[in-house]
Amino acid sequence: MDLELTDKRALITGGSRGIGLAIARQLALEGARVALAARDADVLASAAQALSAETGAEVLTFQVDTGDDTSVKAMIAGAVAGLGGLDILVNAAAKPGGQAPPPKLAQITDEIFWRDVNIKVMGYLRCAREAAPHMIAQGWGRIINISGLAARQTGSTIGSIRNVAVAALTKSLADELGAHGINVTVIHPGLTRTEKTAPLVAARAASTGAAPEEVEKRMAANIVIGRIVDASEIGYIAAFLASPKSVAITGDAIAAGGGARGAIHY
């Protein structure tokens, strides 16, 4: 299937590593022109160099703090100027979940809550707000928000709140922007293999005395496909949602955790 992504112009926040980078890689492999945005300039440069070497694409980079309005405005303006416009926005810049036990009620402070929500929820809104006028002007666009399956389960109070909020933001934007040819979707990854997985598994193996293979097996115990989903597999989903071929899907959430046992979502 031709996803019709050749020369589409894509900006990926949180694009220097993990799921964001995996999405950028797949878009580049499909022929899109990509710009990566993240906080750390050195990590950005390294990611862009590796991605360019693999795909042959020119990869732009923008250092950004999506928690800051001025920084987001500068990023979008730079991406539009550098790419010659903007067709696809992938919002993936967020504090990663699942790396440490989430705070309990008594440990949740205003500062912890608002720092998390400001980056993932308000940050996504900031980026969409600045990108949308360019997409409206051309009558076409795709906004893909990366959220998470904490939206569908308890265990992390802040994680659930921020991810549910991203889903609500997605549907609201889809309804508002649909008449302008802009589709807005949200992907809910579950446990996903990234560059942080191996150190996490090694640490758990060292602390429990279990073999790394056993640790991974326990981590994937509730995943129907029987293993951890790889970040590249999230990239495949995002590439389809970024494509003109995905026109029938907007305002909806795509769960991408390999299937969780028990619950029914409809």
Side-chain angles (χ1 to χ4, degrees), residues 1-64 66 72 74-94 96 124 127-128 130-131 134-135 138 140-146 182-187 189 192-198 228-247 249 254 256:
M1 180 190 298
D2 178 9
L3 293 182
E4 303 176 44
L5 286 171
T6 300
D7 292 330
K8 292 292 187 187
R9 300 156 298 184
L11 171 65
I12 303 93
T13 72
S16 65
R17 63 185 85 196
I19 290 173
L21 180 56
I23 292 172
R25 175 180 178 274
Q26 194 58 40
L27 291 174
L29 287 172
E30 292 289 339
R33 299 170 58 203
V34 300
L36 309 181
R39 288 173 178 264
D40 191 312
D42 292 337
V43 177
L44 262 174
S46 177
Q49 183 178 19
L51 185 57
S52 181
E54 179 185 2
T55 65
E58 178 186 5
V59 181
L60 304 183
T61 62
F62 297 94
Q63 188 174 14
V64 68
T66 58
V72 168
M75 173 192 66
I76 296 294
V80 169
L83 294 171
L86 188 61
D87 301 300
I88 300 158
L89 169 67
V90 179
N91 280 315
Y124 285 16
C127 293
E130 298 306 316
H134 301 283
M135 297 179 181
Q138 66 198 14
W140 194 90
R142 294 288 186 267
I143 299 173
I144 302 167
N145 297 320
I146 306 302
I182 303 168
N183 284 32
V184 190
T185 51
V186 57
I187 301 174
T192 305
R193 187 182 304 282
T194 68
E195 66 278 353
K196 292 186 177 181
T197 303
I228 299 172
V229 172
D230 191 80
S232 65
E233 293 164 324
I234 308 299
Y236 302 148
I237 297 167
F240 175 72
L241 293 176
S243 163
K245 294 284 200 299
S246 71
V247 66
I249 305 173
I254 307 296

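We count residues from 1, following the sequence as given.
Distance alone, capped at 3.5 Å, places no donor-acceptor pair between the Glu30 side chain and the Ala32 backbone. One N or O on the side chain of Ser246 and one on the backbone of Leu241 form a donor-acceptor pair closer than 3.5 Å. At least one donor-acceptor pair closer than 3.5 Å links the side chain of Tyr124 to the backbone N or O of Ile146. Judged purely by atom type and a 3.5 angstrom limit, Thr192 has no side-chain atom pairing as donor or acceptor with the backbone of Ala231. Side-chain N or O atoms of Ser46 include none that pairs as donor or acceptor with a backbone N or O of Val43 at under 3.5 Å. With hydrogens and angles disregarded, no donor-acceptor distance shorter than 3.5 Å links the side chain of Thr194 to the backbone of Gly18. The closest donor-acceptor contact from the side chain of Lys245 to the backbone of Phe240 lies at 3.5 Å or more, if one exists at all. A donor-acceptor pair under 3.5 Å is formed between the side chain of Thr13 and the backbone N or O of Ala92.
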key: From CA spacing to verdict: side chain to side chain contact (heavy atoms under 4.5 Å, CB included), Arg142, Thr185   = CA-CA 8 Å; Arg142 294 288 186 267; Thr185 51; over 6 Å; no
message = Could you go through Ser232 and Arg193, starting from their C-alpha distance and side-chain angles, then the distance that decides it, and tell me whether this counts as side chain to side chain contact (heavy atoms under 4.5 Å, CB included)?
response = CA-CA 9 Å; Ser232 65; Arg193 187 182 304 282; over 6 Å; no
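No more than 12 heavy atoms of other residues, nucleotides or ligands lie within 6.0 Å of CD in Gln49, so this atom counts as exposed by the packing criterion.
Under the 4.0 Å criterion applied to side-chain N and carboxylate O atoms, Glu58 and Arg33 are not assigned as salt-bridge partners.
Considering CG of Asp87 and CD1 of Ile143, their distance stands at 11.5 Å, rounded to 0.5 Å. Rounded to the nearest 0.5 angstrom, Ile187 CD1 and Asn145 CG are separated by 9.5 Å. Taking OH of Tyr236 as the reference point, atom CD of Gln26 lies at 5.5 Å (rounded to 0.5 Å). Put simply, OG1 on Thr66 and CZ on Arg39 are 6.5 Å apart, with the number rounded to the nearest 0.5 Å. A distance of 9.0 Å separates CD1 of Ile12 from CG of Leu21, quoted to the nearest 0.5 Å. Summarising the geometry, atom CG belonging to Leu51 is positioned 6.0 Å from atom CG belonging to Leu36; distances are rounded to the nearest 0.5 Å.
Side-chain contact check for Gln63 and Asp40: no donor-acceptor pair (N or O, by modelled atom type) lies under 3.5 Å.
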